[in-house]
> 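I am attaching a structure below and will ask some questions about it afterwards.
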Amino acid sequence: MPNSFEANLDKYAELAIKVGLNLQAGQALLIDAPLESAPLVRLAAKHAYQGGARLVEVFWRDEALTRIRFQYAPRDSFGNVSEGQAHAARGYAEQGDAFLGISGQDPDLLRDQDPALVAEYQKALAEKFRPVNELAMRDAYNWLVLAAPSKQWAARVFPHVPTSEQTARLWDAIFSACRVYESDPVAAWQQHVRELSLRRDELNQKRYDALHFFASETDLTVGLVEDHLWVGASTPTQRGLLFVGNMPTEEVFTMPHRARVNGIVTATLPLSIRSRVIDKFTVTFENGRVTNAVASNDQAVLDELLATDEGARHLGEVALVPHSSPISKTGILFFNALFDENAASHLALGKSYPTNIRNGSHLSEMELAQRGANDSLIHLDFMIGSSEMNVDGIRADGSREPIMRNGEWAFALGQ
Ligand code: ZN
Ligand code: ZN
């Protein structure tokens, strides 16, 4: 590949360190990354050290090893998870050090494996990392998730492109979505963050009691918790450091009340979960709880997911993304939540972000639960937006106004 790829990769790494993490001199940085992303990781480390990082440590992942485990390990061993990484990650988190996660998984990695074993494995991992994830969801430190293609992922996204070009095509889509091609990517991101923040602030002033989503296959009312906060673009850590947790990001999101969701909702994009892809599914909620979930394929995977714990049957996030988002405009289905959730309005089953409630980072689990927050080992985003989706905001007095019509914002900023 020509030098221009190297140059773009370097800009991408610089964005990750300077805008995403906003890494500060004196911080340490933990990176969790697939082996294939080593060139990106090295550039990120360079920018981190140039910015004064005192240590960059990397946990390398290898999907081929995961497959080997599923092929050959004893069937009763999938609850075993390494202690070391979870322990180390917790150390970084408690210090307030930075974390960079690089996503790039093969959406079909464990397609031919027993869903019950995959569920046991994922649950054991989630349990082990629960304390770290809890700190991340309270923004105790600056963190960022971005993507780097693997061959398998690129092949899934571009099956009709010659094999030798698939990875380059996926890099191109990622660079484009992450504004790497702008003449000044850092400035372009600052502008984008400003615009999303205005939308967020506007929604925060509205103080809606509930949102009503309606389209041909969806009629769902999502009650919001009192003192909910819309969050988007950049957020402050508990120490006040502004960071952007996802690249790309096009969403503003807040906290549904775990017991106040009613109606039916149909996913509008295929869902990549637990190394499988569910093409379509419909979920019915009664008083916040999923009472029925029907998948077009892999029903067992969806059922296992909902059976993770009680909170897996309740919502933890509601997010608004216009249909004209740059990710949606690419027309590419990425089979990766980082991209697909920024192409459409979405909901998440499972744990809610404490930061979506005023002063929530400082509330105990019990206090959060009393306010209507949801707790679970999972947090699974699924896309419900489309060019047909309408959203109304409903106030406590029952009056309503349009927020979105046919997938687009129904009010201009500053009105
Ligand atoms: Zn989201
Ligand atoms: Zn989410």
Side-chain angles (χ1 to χ4, degrees), residues 20 99 101 103 105 122 126 129-130 132-139 143-147 177-178 192-193 196-197 199-200 203-204 211 213 220 222 224-225 228-235 243-258 261 265 267-274 283 290 305-306 308 311-323 325-328 334-357 360-361 368 373-386 389 391 403-404 407:
F99 174 79
S103 167
Q105 57 274 19
Q122 298 275 8
F129 281 88
R130 185 176 206 145
V132 183
N133 290 336
E134 180 67 41
L135 289 167
M137 290 178 90
R138 288 172 181 263
D139 292 342
W143 53 270
L144 166 67
V145 180
L146 48 63
C178 294
H192 175 55
V193 164
L196 261 184
S197 305
R199 190 64 72 184
R200 173 199 70 197
L203 284 165
N204 273 327
L211 306 177
F213 290 84
L220 185 77
V222 178
L224 303 178
V225 295
H228 64 268
L229 281 182
W230 288 89
V231 171
S234 70
T235 40
F243 71 101
V244 179
N246 282 348
M247 285 184 153
T249 184
E250 304 290 337
E251 63 172 334
V252 289
F253 62 99
T254 193
M255 192 191 290
H257 191 292
R258 79 185 295 278
V261 180
V265 62
T268 48
L269 290 179
L271 180 68
S272 183
I273 52 168
R274 297 195 163 161
V283 185
V290 173
L305 191 96
L306 291 169
T308 306
R313 289 190 169 267
H314 295 261
L315 290 185
E317 177 190 338
V318 54
L320 299 177
V321 179
H323 182 66
S325 106
I327 317 297
S328 171
F334 286 87
F335 301 100
N336 182 311
L338 183 58
F339 294 87
D340 295 334
E341 77 164 307
N342 285 304
S345 292
H346 55 272
L347 304 170
L349 287 165
K351 188 168 174 58
S352 40
Y353 287 90
T355 48
N356 278 137
I357 200 164
S361 293
L368 284 166
N374 189 35
D375 191 22
S376 172
L377 277 179
I378 68 161
H379 176 95
L380 178 83
D381 297 282
F382 63 99
M383 280 46 82
I384 65 167
S386 70
M389 180 57 74
V391 187
I403 299 176
M404 285 186 147

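Indexing begins at 1, ligand by ligand and atom by atom, following the structure's order. The structure displayed is predicted, hence computed values, not measured ones.
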> Under a 3.5 Å threshold, yes or no: a donor from one side chain and an acceptor from the other, between Ser103 and Asn336?
yes
> Would you name the N/O/S atom of Glu341 that lies closest to the Zn ion (ligand 1)?
OE1
> Do any of the N, O or S atoms of His379 sit under 2.8 Å from the Zn ion (ligand 2)?
yes
> Distance from Phe213 atom CZ to Ile384 atom CD1, nearest 0.5 Å?
4.5 Å
> Name of the Glu251 N, O or S atom nearest the Zn ion (ligand 1)?
OE1
> For the residue pair Pro256 and Val222, what are the closest heavy atoms and their distance?
CB-CG1, 3.6 Å
> If I consider every N, O or S atom in Asp381, which one ends up closest to the Zn ion (ligand 2)? I only need its name.
OD1
> Can we say Glu134 and Arg138 salt-bridge, meaning some charged N sits less than 4.0 Å from an Asp/Glu carboxylate O?
yes
> To make sure I understand the geometry: which N, O or S atom in Glu317 is closest to the Zn ion (ligand 2)?
OE1
> Under the rule for side chain to side chain contact (heavy atoms under 4.5 Å, CB included), what residues qualify as partners of His257, not counting sequence neighbours?
Val225, Ala259, Arg260
